[in-house]
Undergrad: 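I have a structure here, written as structure tokens, and I will follow up with some questions on it.
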Amino acid sequence: MSEAEAYSYDADMRKANRKQAVEGRSVIFKIKRCDGPGKPTRWESFKVPIETGANVISSLNWIAANPVTVEGTKTTPVVWDSSCLEEVCGACTMLINGRVRQSCSCLIDEYAPKEGDTISLEPMGKFPVIRDLWVDRQRLFSNLTRVKAWVPIDGTYNMGAGPKESHEQQQMRYALSECMSCGCCLEACPQFTKEEDESKWDSSFVGAHAISQARYFNEHETGKQLKGERMDALSGAGGINDCGNAQNCVKVCPKGIPLTESIGSIGRSATMHAIKQFFQGKK
Amino acid sequence: MADQKRVIVVGGGLAGLAASIRVAEAGMAVDLFSMVPVKRSHSVCAQGGINACNDVARQQGYSEYQHFDETLIGGDFLNDQHPVLEMTNWAPKIIDLLDRMGVPFNRSSEGFRDLRLFGGSLFKRTHFAGATTGQQLLYALDEQTRRFASEGKINMKEFWEFLWPIIEGEGEDARCVGIVAQDMRTMQIQSFRADAVIMATGGCGLVFGKSTNSVICTGGAASRCYQAGAWYGNAEMIQVHPTAIPGADKCRLMSESARGEGGRVWVPAKKGDTRKPADIPDTERYYILEERYPKYGNLVPRDIATREIFDVCVNEGMGINGTNQVYLDLTHMDPEYLTEKLGGILDIYEKFVGEDPRFNPMRIFPAVHYSMGGLWTTYTAGDYQPDAPISGFKPGDSIPVGSEPGQGMKVGAHNNAMTNITGLYAFGEVNFAYHGATRLGANALLSCIFDGLCNGVSVVNYVREGGHTPAAEIDQSVFDAAVKQEQDKHDNLLKSTSNGTGDRKFNPYQIAFELGEEMNSASTVVKTGPGLEKCLGKLEELKDRYSKVELGDGAMWTNQSLSFTRSVGDMIIIGEAIAKAGLLREESRGSHYRTDFPERDDDKFWKASVAKFNASSGKSDVEFVEVKAGLVKLRPRDYGKTESNAGAKKEPVGAS
Amino acid sequence: MSENADSTQNRHFLLRRLHSLSGIVPIGVFLIVHLVTNSTIAWGGLNSRVDQEGFGWIDRSIATFQHEVSFINNMPLLLLIEITLWSAIGFHSILGVYYAMSGKGNTGAYKYGGNLRYALQRTTGYFGIFFIFYHVATLRWGWTWLIPGDAVWSHEAASSTFAAALRGSPEEFTAVGMVVAVFYFFGVSSLIFHFANGLWSAAITWGITISRPAQKRWGFMCAGIGASLMILAWMSIIGFATLDYDRAVEVENAMHGEQIHLNSEDALDAVTLTGHDDTDG
């Protein structure tokens with residue numbers, strides 16, 4: 001699925017915005033700020049001159065160099081997380097106008113084409129805020145450990161090539177392999193709720209990204225060896241059965257990963273896994 | 001755990017992860033420090049692929065040795081030859097390992113790993129996973145790292161910034177016994193003991209302002225090691241990619257295939273013509289490459305394209321609307337054909353620029369891409385010691401050396417990839433050894449993983465057999481002193497906020513901006529002696545302003561401004577090493593092009609530049625030392641034009 | 001520890017899947033039967049087997065409906081069937097509410113079709129529980145004080161009673177009757193949506209539909225099932241709400257051969273206690 005399709009319900013609007021973008025305009029950034037965990041939140045607005053090709057990152061850079069609000073009050077530069085700025089690392093994910101996406105690929109022309117238009121920036125809501133727009137997504141990575149998202153190789157010494165794989169199988173796995181752990185699917189998921197208590201992570205909903213990664217490794221000839229353990233983890237509390245099939249995940253995934261197909265596929269594996277366990281009398 | 005000794009790895013890209021896995025596998029505890037969750041490291045940006053000899057190419061006359069030879073020609077013979085031989089010999093085995101880890105390499109119809117052509121070779125030797133090979137390789141290593149971490153064998157320290165290597169002893173006895181690092185969230189500064197420290201911190205693209213690098217590629221960590229006494233090699237060797245999309249925040253690659261498919265590079269013939277591109281008739285356009293190189297036209301080799309585009313904009317000021325941009329025009333072609341052939345890359349342009357390149361000419365400019373230079377390292381040569389260097393090897397010639405491990409470098413020798421400071425290693429892009437004066441496409445991923453896997457063993461051996469006092473038994477005062485030094489620097493910066501002393505007034509973001517502008521114009525594509533002199537003068541001025549920098553944020557919690565401002569100081573120092581080495585290298589070689597010395601001068605400069613930080617003057621002393629050669633005889637780098645064009649025509653995807 | 005974890009895990013899996021299954025069998029199956037039965041009030045005229053002297057379309061419809069009701073009420077082990085059903089509904093409801101509480105809707109920010117259905121599934125679930133309770137309490141357990149129009153309940157007078165209940169009085173629509181009718185309309189519509197969407201969702205949960213085209217195709221089929229059931233349900237409601245009360249009473253009497261007095265506690269008792277046999281067997 002293309003990104004355009006993923007954002008289908010406002011893609012046309014954004015394209016139209018792009019065409020009527022006014023040159024040399026200034027745009028208001030309304031940013032939800034928080035000085036640290038447990039600190040109160042506040043909104044601050046900044047007026048940012050928009051240069052050609054400006055995106056949210058370049059605007060935040062401008063604010064960092066000129067941290068003065070529209071009211072003329074000097075404030076601190078906004079804190080946010082970023083790395084590659086090419087939409088492959090997943091770091092700069094945040095809520096833009098209330099919806100989750102990467103800020104590096106968010107063009108101002110598409111969101112605020114006219115003088116004085118407003119763009120709001122908020123941190124992701126499903127993860128604890130570290131400061132301002134920066135959140136702690138450790139749980140997301142912890143969930144990858146939970147489903148043993150790796151191929152159990154014997155070691156790194158030379159032992160010849162890996163298993164052969166058909167072109168079709170590779171294409172299928174490649175689509176899943178592009179997950180950059182950005183967390184969009186979790187932010188948009190009504191079943192994935194904020195959980196700050198680390199001890200509850202392993203029994204809270206694991207999320208589409210981890211389910212899809214479990215499928216990715218179940219589909220690999222060697223990775224398959226851990227399928228039983230992955231299915232054990234995904235059959236329990238917070239596993240595949242906690243999915244409510246709202247399917248927002250696949251809509252917001254910036255990489256167009258077929259997350260809902262992964263959910264169906266893991267659902268089938270879980271069914272088979274349970275039947276197998278029942279008749280084998282295991283445990 | 002087999003012993004109490006620990007290894008610290010700084011950086012969680014391909015090199016850092018490969019090293020962590022290898023060291024942990026040997027049963028040694030690893031502390032892995034990274035400024036970002038390792039899965040978000042800059043290695044994800046690599047697109048094209050990873051080079052390695054393979055069975056098909058082998059039967060066509062290719063060999064590991066040929067790959068080795070190509071890498072040296074590509075690097076204009078500035079590479080350390082033995083490590084390159086070892087690397088290319090390991091390459092097929094590294095691919096096998098990645099394959100076993102589950103990397104979704106593209107497959108042939110029969111299910112074998114598919115291959116593509118890439119610059120610098122006439123054989124298909126580049127393995128790839130879609131257009132995101134670096135991402136896939138990084139993820140494979142990330143997964144294995146996560147597995148080790150879940151077993152308690154690797155201790156992840158994500159969102160920790162490396163501040164300083166802790167060095168005990170003086171001169172020859174100097175040995176790295178740990179690091180000082182800061183938690184980027186709590187701002188806590190702490191020392192960590194280690195029996196060896198591996199720097200795998202990547203390149204320094206941000207020194208040039210907007211580059212194709214990630215925002216974390218400041219070179220800050222390398223600069224801190226440099227300031228602590230580690231030498232910096234071939235600093236002046238910076239690879240610039242000819243066609244990047246200038247963005248408001250960074251430059252993103254535009255693949256060479258756009259030119260391969262018929263893209264034309266032009267600017268308005270009249271300086272200051274502000275009309276829209278579609279309104280400018282053909283006769284009023286200046287097709288730069290076609291007019292300057294009628295024979296090759298838009299398909300001139302990369303370095304020439306880069307220089308001409310740069311020349312037109314920077315020297316002649318003919319860039320679009322006076323900016324440093326030229327048009328890369330595909331609009332004369334059938335949109336459907338373009339979608340079919342170039343869909344992926346055109347979508348990237350549209351996503352980040354907001355214009356459809358099928359109907360609007362793309363605006364592009366060369367951008368800094370890769371640092372061949374880095375921390376100077378050493379090694380122990382392997383078994384292959386020819387009586388005389390081989391000259392002019394060709395495919396099909398009898399291969400002078402086998403591909404078993406240990407021919408190029410002695411595997412496991414303690415000093416492999418070790419800097420001049422005992423116990424301090426440099427892996428990956430921050431290791432200067434492999435790529436000489438220019439890196440071949442799809443060799444970067446290889447050198448990173450090779451460093452981790454091969455030289456990770458060296459680190460383990462050094463720690464186990466080196467006979468040094470365990471870091472755990474070193475006197476605490478050594479660590480306390482290092483922490484104090486960093487804490488003082490930190491507190492000093494904090495004091496400079498507006499509610500502090502008040503005599504600071506310079507904005508760190510402005511200083512960084514000016515640093516990038518200056519470095520970009522003076523020390524990238526086209527360099528001149530006077531230009532570099534001026535650049536060094538500007539750096540002095542920036543250094544002075546930096547000493548009076550005013551921090552915008554006095555917070556004691558997650559202070560990003562502080563971290564950035566600290567790295568600006570370090571970037572100026574690395575920038576100075578780059579400019580100075582470039583000034584002193586009075587020749588042109590690979591990516592280093594001096595208009596005042598346009599020829600390669602082997603007699604004087606077949607040497608690596610080695611920059612040493614002079615702590616008392618705060619400046620770089622640059623000297624030139626013999627390149628560690630002896631395997632292959634120097635020859636002219638004459639393949640350039642024909643080869644690059646062949647590559648561009650046959651497989652126009654290789655823009656990594 | 002691991003054994004303990006395993007058993008928790010298995011229990012979790014079992015409960016989740018039983019929840020999914022119970023929505024289809026027996027609840028969904030019953031829903032279909034129930035709607036087919038009730039809608040005979042609108043199309044039972046097709047049934048010639050209940051024809052009697054002087055019966056028109058509407059009479060045959062009433063007779064068919066009464067016949068079906070009697071058939072159900074005279075099934076052996078009816079109580080067991082009812083208990084199974086009530087337990088299934090109770091189980092599905094309690095777990096459903098518990099599961100629904102674990103999520104947090106976000107249709108404000110993400111107005112995707114799937115997300116709206118997700119939210120609706122929960123809303124219709126809550127509303128459906130309320131509706132079923134009212135429906136069963138009034139028409140099965142005899143909490144007649146909840147029914148407008150002084151209706152009493154006997155399966156032998158099901159048509160007329162229900163018609164009166166939906167109108168608020170035997171004769172004409174009252175305001176309260178309108179509320180009840182609208183309540184029924186939303187109640188059954190909710191349950192049908194809940195069932196059809198649940199069918200679609202269950203196919204993913206069990207791993208029957210995996211690919212997007214498969215999910216889409218099955219989605220259309222579920223929509224078809226839902227639409228058919230909606231038609232049956234609305235036919236039933238309209239059929240009863242517009243039913244000629246007097247004719248209904250007449251047909252009921254003709255079928256059961258005995259005057260059933262509305263508003264008479266004794267008559268009700270007599271009917272339920274003696275357990276009359278189906279008259280047209």
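By convention in this document, chain letters (A, B, ...) are assigned in the order of the sequence lines, proteins followed by strands, and residues within each chain are numbered from 1. Below, all heavy atoms of this structure are taken into account, side chains as well, without hydrogens, waters or symmetry copies. These figures come from a predicted structure and were not determined experimentally.
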Undergrad: Under 4.5 Å between any side-chain heavy atoms of Leu206(B) and Ile216(B), yes or no?
TA: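 No; the side chains remain at least 4.5 Å from each other.
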
Undergrad: Under 4.5 Å heavy-atom distance to chain A, tell me which part of Met184(B) shows up: side chain, backbone, both or neither.
TA: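 Both parts, backbone and side chain.
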
Undergrad: Can you tell me which portion of Phe352(B) sits under 4.5 Å from chain A's heavy atoms? Options are side chain, backbone, both or neither.
TA: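 The answer is both parts of Phe352(B).
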
Undergrad: As an exercise: rank Gln510(B), Lys39(B), Arg185(B) by heavy-atom pairs under 4.5 Å with chain A and give me the winner.
TA: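 The option with the most such pairs is Lys39(B).
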
Undergrad: Specify which of Val79(A), Ile57(A), Asp132(A) makes the most heavy-atom pairs with chain B at under 4.5 Å.
TA: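 Counting heavy-atom pairs under 4.5 Å, the top option is Val79(A).
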
Undergrad: Heavy-atom distance under 4.5 Å between the side chains of Glu87(A) and Ile348(B), does that happen here?
TA: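 With C-beta onward as the side chain, the pair stays apart.
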
Undergrad: Chain A: which of Lys250(B), Met35(B), Arg147(B) shares the most heavy-atom pairs with it under 4.5 Å?
TA: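 The answer is Arg147(B).
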
Undergrad: Using the ring of Phe112(B) (Phe, Tyr or Trp, six-membered ring only), decide whether Lys164(A) places NZ or CZ under 6.0 Å from its centre and within 45 degrees of its axis.
TA: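 Positive - Lys164(A) is close enough to the ring of Phe112(B) and near enough to its axis.
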
Undergrad: So do Met156(B) and Val38(B) actually touch side chain to side chain, heavy atoms under 4.5 Å?
TA: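 Yes, their side chains come closer than 4.5 Å.
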
Undergrad: Chain A heavy atoms under 4.5 Å from Asp142(B): which part of the residue, side chain, backbone, both or neither?
TA: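 Neither part.
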
Undergrad: Please state whether the side chain, the backbone, both or neither of Ser561(B) comes within less than 4.5 Å of a heavy atom of chain A.
TA: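 For Ser561(B), the contact with chain A is made by the side chain alone.
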
Undergrad: Find the one option among Gly36(A), Pro67(A), Ser181(A) whose heavy-atom pairs under 4.5 Å with chain B are most numerous.
TA: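 If we count pairs closer than 4.5 Å to chain B, Ser181(A) comes out on top.
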
Undergrad: Assess, by modelled atom type and distance only, whether the side chains of Gln170(A) and Asn106(B) contain a donor and an acceptor separated by less than 3.5 Å.
TA: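 Indeed, the side chains of Gln170(A) and Asn106(B) share at least one donor-acceptor pair under 3.5 Å.
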
Undergrad: Just give me the residue among His167(A), Lys15(A), His220(A), Glu165(A) that pairs up with chain B most often, heavy atom to heavy atom, under 4.5 Å.
TA: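 Of His167(A), Lys15(A), His220(A), Glu165(A), Glu165(A) has the most heavy-atom pairs under 4.5 Å with chain B.
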
Undergrad: State whether a side-chain donor-acceptor pair under 3.5 Å links Glu143(B) with Tyr139(B).
TA: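 Per modelled atom types, Glu143(B) and Tyr139(B) side chains form no pair under 3.5 Å.
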
Undergrad: Could you have a look at Ala512(B), Ala555(B), Gly111(B) and say which one has the most heavy-atom pairs with chain A under 4.5 angstrom?
TA: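 Most heavy-atom pairs under 4.5 Å with chain A: Gly111(B).
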
Undergrad: Please look at Leu144(A) and chain B and tell me whether the side chain, the backbone, both or neither of the residue comes under 4.5 angstrom of a heavy atom of that chain.
TA: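 Both backbone and side chain of Leu144(A) come within 4.5 Å of chain B.
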
Undergrad: Heavy-atom distances under 4.5 Å only: say whether Cys251(B) touches chain A with side chain, backbone, both or neither.
TA: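 Cys251(B) touches chain A through backbone heavy atoms alone.
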
Undergrad: Is the number of heavy atoms from other residues, nucleotides or ligands within 6.0 Å of CD (Glu51(A)) greater than 12?
TA: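 Above 12, so yes.
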
Undergrad: Measure Pro92(B) against the heavy atoms of chain A and call it side chain, backbone, both or neither at under 4.5 Å.
TA: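 Contact with chain A involves no heavy atom of Pro92(B) at all.
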
Undergrad: How about Arg146(A) and Asn143(A): does a side-chain donor come under 3.5 Å of a side-chain acceptor?
TA: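 Side-chain D/A pair, Arg146(A) to Asn143(A): present.
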
Undergrad: Which answer fits Val457(B), side chain, backbone, both or neither, if we ask what part of it has an atom under 4.5 Å from a heavy atom of chain A?
TA: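 Val457(B) touches chain A through side-chain heavy atoms alone.
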
Undergrad: Quick one: what part of Phe141(A) sits under 4.5 Å from any heavy atom of chain B, side chain, backbone, both or neither?
TA: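 For Phe141(A), heavy atoms of backbone and side chain both lie under 4.5 Å from chain B.
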
Undergrad: Measure distances from Gln169(A) to the heavy atoms of chain B and classify the residue's part below 4.5 Å as side chain, backbone, both or neither.
TA: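 When you check distances to chain B, no heavy atom of Gln169(A) falls under 4.5 Å.
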
Undergrad: Looking at Arg252(B) and Gly247(B), would you say the former's side chain and the latter's main chain have a donor-acceptor pair under 3.5 Å?
TA: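 No; zero donor-acceptor contacts below 3.5 Å.
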
Undergrad: Given a strict heavy-atom distance threshold of 4.5 Å, which part of Trp62(A) is in contact with chain B: side chain, backbone, both, or neither?
TA: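 Neither part.
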
Undergrad: Chain B: which of Thr156(A), Val151(A), Val88(A), Leu107(A) shares the most heavy-atom pairs with it under 4.5 Å?
TA: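 Most heavy-atom pairs within the cutoff with chain B belong to Thr156(A).
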
Undergrad: Any side-chain heavy atom of Thr73(A) sitting closer than 4.5 Å to one from Val68(A)?
TA: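 Answer no - side chains too far apart.
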
Undergrad: Below 4.5 Å, heavy-atom pairs only: which of Ser82(A), Ala149(A), Gly223(A), Ala64(A) has the largest tally toward chain B?
TA: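 The residue among Ser82(A), Ala149(A), Gly223(A), Ala64(A) with the greatest pair count is Ala64(A).
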
Undergrad: Please state whether the side chain, the backbone, both or neither of Glu350(B) comes within less than 4.5 Å of a heavy atom of chain A.
TA: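 Both parts, heavy atoms under 4.5 Å.
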
Undergrad: Measuring heavy-atom distances to chain A, does Ser43(B) have an atom under 4.5 Å in its side chain, in its backbone, in both, or in neither?
TA: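 Neither part.
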
Undergrad: Given heavy-atom pairs under 4.5 angstrom as the criterion, report whether the side chain, backbone, both or neither of Phe159(B) touches chain A.
TA: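 The answer is the side chain of Phe159(B).
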
Undergrad: Given heavy-atom pairs under 4.5 angstrom as the criterion, report whether the side chain, backbone, both or neither of Cys104(A) touches chain B.
TA: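 Contact with chain B is through both the backbone and side chain of Cys104(A).
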
Undergrad: Heavy-atom distances under 4.5 Å only: say whether Glu110(B) touches chain A with side chain, backbone, both or neither.
TA: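 Its backbone and side chain both get close to chain A.
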
Undergrad: What residue in Ser166(A), Ser59(A), Gly160(A) has the most heavy-atom pairs under 4.5 Å with chain B?
TA: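 Among the listed options, the one with the most contacts to chain B is Gly160(A).
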
Undergrad: Does the structure place the NZ or CZ of Arg173(A) under 6.0 Å from the centre of the six-membered ring of Phe217(A), at an angle of no more than 45° from the ring's axis?
TA: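 Pair Arg173(A)/Phe217(A) does not count as cation-pi.
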
Undergrad: Quick one: do Arg113(B) and Asp99(B) make a salt bridge, cutoff under 4.0 Å?
TA: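 Yes, this pair counts.
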
Undergrad: Thr69(A) and Glu44(A): side-chain donor and acceptor closer than 3.5 Å?
TA: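 Result is no, nothing qualifies.
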
Undergrad: So which of Leu98(B), Val36(B), Thr132(B) has the largest heavy-atom pair count under 4.5 angstrom toward chain A?
TA: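 With the most close heavy-atom pairs to chain A, the winner is Thr132(B).
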
Undergrad: Check this for me: Glu23(A), atom CD, are more than 12 non-hydrogen atoms of other residues, nucleotides or ligands nearer than 6.0 Å?
TA: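 Atom CD in Glu23(A) is not packed in, count stays at 12 or less.
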
Undergrad: Where does the angle between the aromatic ring planes of Phe564(B) and Tyr509(B) fall among parallel (under 30°), tilted (30 to 60°) and perpendicular (over 60°)?
TA: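 Rings of Phe564(B) and Tyr509(B): parallel, as their planes differ by under 30°.
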
